[in-house]
Amino acid sequence: MSPSVAELLLRRLEREPEAGPGGGLCSLEAAAALGLEHQALVGAVKSLQALGEVIEAEPRVATRWQLSAEGEEAARAGSPEVRLFRALPPDGMPQAQLMELPGARVGFSRAMANKWLRLDKEAPGGPRVFPAVPAVQDAVQDSLRRVQQGDAAGLPERDRTELKRRKLLLEVTLKSYWLRKGSAFSTAVTRQDTELTPDMIATGSWRQRPFKPYNFAAQGLPPECGHLHPLLKVRTQLRQIFLEMGFSEMPTHSFVESAFWNFDALFQPQQHPARDQHDTFFLQDPAEALELPPGYMGRVKKVHSQGGYGSQGYRSEWRVADARRTLLRTHTTACSARLLQRLAQQASFTPGRWFSIERVFRNEAVDATHLAEFHQVEGVVAERGLALGHLLGVLREFFSKMGITQLRFKPAYNPYTEPSMEVFSYHPGLKRWVEVGNSGVFRPELLLPMGLPEDVSVIAWGLSLERPTMIKYGIKNIRELVGHRVNLQMVYESPLCRLNT
Amino acid sequence: MPTVSVKRDALFEALGRTYTDEEFDELCFEFGLELDEITSEKTIIRKERGDGKAEGASDTVLYKIDVPANRYDLLCLEGLVRGLQVFKERINIPRYRKIMPPKGEGQRLIITEEAAKIRPHAVAAVLRNITFTKERYESFIDLQEKLHQNICRKRALVAIGTHDLDTITGPFTYTAKAPSEIKFKPLNQSQEYTASQLMDLYRTDSHLRHYLHLIENKPLYPIIYDSNGVVLSMPPIINGDHTKIGLNTRNVFIECTGTDITKAKMGNELAYRKEKVKPEYINKKIGISETPSNLAKLLTRMCLKSHVTGNGNHIEVEVPPTRPDIIHACDIMEDAAIAYGYNNIQMTIPKMYTIANQLPLNKLTELLRTDLAAAGFTEVLTFALCSQEDIADKLGTDISATKAVKIANPKTAEFQVARTSLLPGLLKTIAANRKMPLPLKLFEISDIVLKDDSTDVGARNYRHLCALYYNKNPGFEIIHGLLDRVMQLLDVRNEENGYVIKAGEGSAFFPGRCAEVIAKGQSIGKFGVLHPDVITKFELTMPCSALEITIEPFV
């Protein structure tokens, strides 16, 4: 078997002195010496490099001047302008005839520019060209011959540039390597191992073997694992925030609710638009709540229809049949109402803070930002003597834990809170204020019929879970996030939910 | 939230100054309004109907302003200007009075017993010596429509009719007649119609058809006549053409008919009401400490003319007829807070001490989710609502066997019932993700709903855990392994008094490939290889095994 290019190269290198400033050889010279194409030698250099420290190969770039085909011709027979000049008889020649000569186009314009020729446009029989000087020197041919003899460096820069512009001279870059022995130089080329094996460990053979280097730019193998849903990752973090703030989770374990708890207990008038068919899912089966709290229901009826507790009420008819209707809760505030009414049953009032993050339902048209069901995040604080300033303070703390620090508050209307406030935060991406939640202080018409003491105030706020999740994970279409049309790839790839980092 | 569209330049002229868009947005925000959109008729038409149609439309800048649902007094340019000017203390609160005509008596509207049975209430008023300009006239008509849509609840509670008083003679009669006996030329029509014909005529009218149902099935229709038998209107549908108002109308007769007397009377009686509130109540509820006279000033800026009475113990507040939303002292307190500026109130953290508790069921759910993901399954979140077919036909069972809660007014089949199983949602998730590499391993821990007579609402939620394995092989052992892992996590052993797996059956499962899980002495659910019919009905092609159990016994 004849030796490979790599072996030939290694044997040639072996004759070089040890690595040092003076040592080494040029790959171009080595290729010429070994009678190989330079490209074949470069291939061998690369394969040897892959073995580690066998050789050192320092890339070099050299520029060389070389004549073009036209340049070769000019070097041999003279530049086109000189050839043209020499072809011209002393009594001149018609221009049309002159232009027939080979290379005449370039030669004529050059010779004219050098003022070697005179053109008589008025001559009888058409324009005629005459020599304007007795003799000329072919400086171009001289320069080109010097390059041919390897003296390109001796030419003035200006001449080189001019000849290059005339496409007589070419500047060629040559990539080559300066080769030296490496620290693990050996003339014996061995096959590399790709992986460490138990056998190598047992025998210790790994010590003698070269290993194929890894490509660290390649992708790793994704771990086989399950993933949590991004919306529920955000839910986990919001639960955490509430728990950190001392809020207990309130019971929300029923999607089915009566209109009484969903609307009437919250002092939402029976003619309120939210109670329309096109906003709320009413139930066909079970169609009616089996039980409404007897004494409390009477007080709710009275405060709606006649007023009381310092209120004029809505002074319109209140029908128990409307309150009995069953529906899918439109907000978790229905659960807050049940909680507060239970709180009022205690022998003595104890303050509290509660939260819930649960599903609610709206009979709305579904589009890229709205679904018929979504998760409502709600916080409630009940305590004697709470003021609007406390609501502002709690909201500031809550939203700053969510990573939202720039807040402002807009007066708003909500049938069951007074005062009511919409919470806006400045969105640096959108460069405008966007609504991030709704809040308020529960009306006395809601709290007092439950039997809560008069000095107890209840502050509350709510937001959707979907909106901050879509912003957090950059999701444009809610249907790719929630429901069966979810994009599982998105679930697989979604990062951790870290809200205030 | 109602939106009022006003011409920017007309608004600024009325406000007596100009604002940049940002400044006006800021003013709105502070006052509780929202400058929703800056647009023009041209832009609106271009957006809705394309570039070609917008040619020649007006370039006048329009502000679309969202007004809170309780502020009926701000639903027109004039109302907005009044509210903002008083808020900025540039004008005093206007005072509205009822005045009798200089000579003679006021007009009368007689309500007959027949009318009282159909649409029981009616009130009327007269606007005298007014001058319309084109802008004022448009604003007047627009306001009437805004009131219809909002406080009047799409004319169900109240319908308002306006008439040129100089074309009719009082007294007026509000009565009810059989549809065939009513005949008149309705607004903007060229011939007379009977009421029955009108109903047919308007059935295709994009605007009026929404109101027909309010009287359609009544034996008698409400109708208002003048003393000469001229029809003013057939409320709540349409006015007569005879009495229609125009730019030259000087005296307007307004009638409001409806089912809610409180709302019908608003604005017609021009009744002012006095309320007394304690300064310390306002201060305490807001969390500020302003002097009584400052508080009175704040309230006055909100069109609630106020002054301090007694020895400074009380603030007397005059509630104008334009603010029917003020029904309690807290409504007054809110207006003081708005005038003070929500963003100027000192933020305070409540001092109370509380110990937080998680709901045990949710706590368990959170723990299990994390470990199911660690077991290699991916969490999904499917809808609680679905079609009847999803939970019955497609799972090989009949809806009557499901105890499903049914929705009365679903807009589409996707919202017919609340789910009784998580399985359909997971199968649909796979169907929507068929391009993903196999196997697919999914889970969800969420609620299903069943009818239940022992609760006050007749239904209750159950927290279920459902998991699915979808691949070229059924993978029964994989789902079985997951169940064993879940039981291990719940510290329930595979032994007597722990959990037991025995052969079971279910319509969704392939016969002989279904197991029932018994734990804590009860059946908690099933797992097995799904029936090929189920796989096909959910538009899937590969074998699939599934597990669905309730986790409530383990809380």
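Quick note on labels: first sequence line is chain A, next is B, and so on, each numbered from 1.
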With sequence neighbours excluded, tell me which residues meet side chain to side chain donor-acceptor pair (under 3.5 Å) with A/Lys410. A/Glu422
Taking B/Gln358's backbone N and O only, do any of them form a donor-acceptor pair with A/Arg239's side chain (distance below 3.5 Å, no angle check)? no
Side-chain heavy atoms of B/Val380 within contact of A/Leu488, under 4.5 Å: yes
With only heavy atoms counted, which part of B/Leu442 is less than 4.5 Å from chain A, the side chain, the backbone, both or neither? side chain
At a 4.5 Å cut-off on heavy atoms, which part of B/Asp25 comes close to chain A: side chain, backbone, both, or neither? side chain
Top residue by heavy-atom pair count (under 4.5 Å) with chain A, among B/Thr378, B/Leu372, B/Leu33, B/Thr429? B/Thr378
Mind ranking A/Leu231, A/Asn363, A/Thr280, A/Val482 by heavy-atom pairs under 4.5 Å with chain B and telling me who comes out on top? A/Asn363
For a salt bridge (charged side-chain N to carboxylate O under 4.0 Å, His left out) check, start with the C-alpha distance between A/Glu418 and B/Lys285, then their side-chain angles and the critical distance, and finish with the verdict. CA-CA 10 Å; A/Glu418 191 81 11; B/Lys285 289 283 176 187; over 6 Å; no
Where on A/Glu435 is there a heavy atom nearer than 4.5 Å to chain B: the side chain, the backbone, both, or neither? neither
Ignoring hydrogens, what is the shortest heavy-atom contact between A/Ser248 and B/Ile355? Give both atom names and the distance. OG-O, 3.4 Å
For the interface with chain B, which of A/Phe361, A/Trp433, A/Tyr413 has the highest count of heavy-atom pairs at distances below 4.5 Å? A/Tyr413
Whatever's closer than 4.5 Å to a heavy atom in chain A on B/Thr455 counts as backbone
Nearest atoms (heavy-atom pairs only) where B/Asn461 meets A/Phe255: OD1-N, 3.0 Å
Examine whether an atom of B/Lys435 lies under 4.5 Å from a heavy atom of chain A, and if so say whether it belongs to the side chain, the backbone or both; otherwise answer neither. neither
Part of B/Glu30 lying under 4.5 Å from any heavy atom of chain A: backbone
As an exercise, state the distance from CD of A/Gln312 to CZ of B/Arg273, rounded to the nearest 0.5 Å. 3.5 Å
Of B/Gly376, B/Ala432, B/Ala418, the largest count of non-hydrogen pairs under 4.5 angstrom with chain A goes to B/Gly376
If we only count heavy atoms from C-beta on, is the B/Leu381 to A/His375 side-chain gap below 4.5 Å? yes
Under 3.5 Å, side chain of A/Glu373 to main-chain N/O of B/Ala384, donor-acceptor pair present? yes
Check whether any side-chain heavy atom of A/Arg443 sits under 4.5 Å from a side-chain heavy atom of B/Ile327, and report yes or no. yes
If I take atom CE from residue B/Met347 and atom CG from residue A/Leu407, how far apart are they, to the nearest 0.5 angstrom? 6.5 Å
Under 3.5 Å donor-acceptor, B/Glu379 side chain and A/Leu228 backbone: no
Rounded to the nearest 0.5 Å, what separates atom CZ in A/Arg485 from atom CZ in B/Phe383? 7.0 Å
Part of A/Phe260 within contact of chain B (heavy atom distance under 4.5 Å): neither
Identify which part of B/Ala375 has an atom lying under 4.5 Å from any heavy atom of chain A, answering side chain, backbone, both or neither. neither
A/Glu224 bridged to B/Lys441 by N-O distance under 4.0 Å: no
Looking only at heavy atoms and a cut-off of under 4.5 Å, which of B/Lys451, B/Glu275, B/Lys154, B/Arg460 has the most pairs with chain A? B/Lys451
Quick one: does B/Asp447's side chain have a donor or acceptor within less than 3.5 Å of a partner on A/Ser254's backbone? no
By a 4.5 Å heavy-atom criterion (distance strictly below it), what part of B/Ala374 contacts chain A: side chain, backbone, both, or neither? neither
Could you check if a side-chain atom of B/Thr354 sits within less than 4.5 angstrom of a side-chain atom of A/Phe247, using non-hydrogen atoms only? no
Expected output: side-chain A/Asp285 to main-chain B/Lys406 donor-acceptor under 3.5 Å: no
Could you check B/Met352 against A/Arg353 for side chain to side chain contact (heavy atoms under 4.5 Å, CB included), going step by step and ending with a plain yes or no? CA-CA 9 Å; B/Met352 66 206 269; A/Arg353 309 176 196 204; 3.2 Å; yes
Any B/Leu385 side-chain heavy atom under 4.5 Å of A/Leu328 side chain: yes
Do other residues, nucleotides or ligands put more than 12 heavy atoms under 6.0 Å from B/Lys411 NZ? yes
Looking only at heavy atoms, what is the nearest atom pair of B/Ile407 and A/Gln284, with distance? O-OE1, 3.9 Å
For residues A/Thr236 and B/Arg369, report the shortest heavy-atom separation together with the two atoms involved. OG1-NH1, 3.0 Å
Look at B/Ile345, B/Asp331, B/Ile326, B/Val449 and state which one has the largest set of heavy-atom pairs under 4.5 Å with chain A. B/Asp331
Using heavy-atom distances under 4.5 Å, tell me whether A/Val486 contacts chain B through its side chain, its backbone, both, or neither. both
Max heavy-atom pair count under 4.5 Å with chain B, selected residue of A/Arg324, A/Met250, A/Arg384: A/Met250
Interatomic spacing from CG in B/Asn433 to CG in A/Asn487 - rounded to 0.5 Å: 6.5 Å
B/Ile288 portion near chain A, given a 4.5 angstrom heavy-atom threshold: neither
Are any of the side-chain heavy atoms of B/Arg463 and A/His253 separated by less than 4.5 Å? yes
Measure from the side-chain N and O atoms of B/Glu334 to the backbone N and O of A/Ser420, and report whether any donor-acceptor pair falls under 3.5 Å. yes
Shorter than 4.5 Å, heavy atoms on both sides: which option in A/Glu288, A/Met245, A/His484, A/Glu364 has the most such pairs with chain B? A/His484
Applying a strict 4.5 Å limit to non-hydrogen atoms, the region of B/Glu552 in contact with chain A is side chain
May I ask you to name which of A/Pro351, A/Pro223, A/Gly310, A/Pro230 has the most heavy-atom pairs under 4.5 Å with chain B? A/Gly310
Side chain, backbone, both or neither: which part of B/Asn362 has a non-hydrogen atom closer than 4.5 Å to chain A? both
Would you confirm whether B/His328, through its side chain, and A/Tyr309, through its main-chain N or O, come within 3.5 Å as a donor-acceptor pair? yes
Pick from B/Asn357, B/Thr382, B/Leu440: which one has the most heavy-atom pairs with chain A under 4.5 Å? B/Asn357
Given the rule in the side chain to side chain contact (heavy atoms under 4.5 Å, CB included) test, do B/Val457 and A/Leu290 qualify, once you have shown the distances and angles that lead to the verdict? CA-CA 6 Å; B/Val457 292; A/Leu290 302 168; over 6 Å; no
If you count heavy-atom pairs under 4.5 Å with chain B, which of A/Ser258, A/Ser457, A/Ala289, A/Gly389 comes out on top? A/Gly389
Do B/Ile349 and A/Arg396 come within less than 4.5 Å of each other through their side chains, counting heavy atoms only? yes
As an exercise: rank B/Asn70, B/Asp335, B/Thr259 by heavy-atom pairs under 4.5 Å with chain A and give me the winner. B/Asn70
Of all heavy-atom pairs linking B/Tyr342 and A/Leu388, the shortest is CE1-CD2, 4.0 Å
So, are A/Arg338 and B/Asp456 salt-bridged, with charged N and O less than 4.0 Å apart? yes
Mind listing the closest non-hydrogen atom pair of B/Val405 and A/Pro286 along with its distance? CG2-CD, 3.9 Å
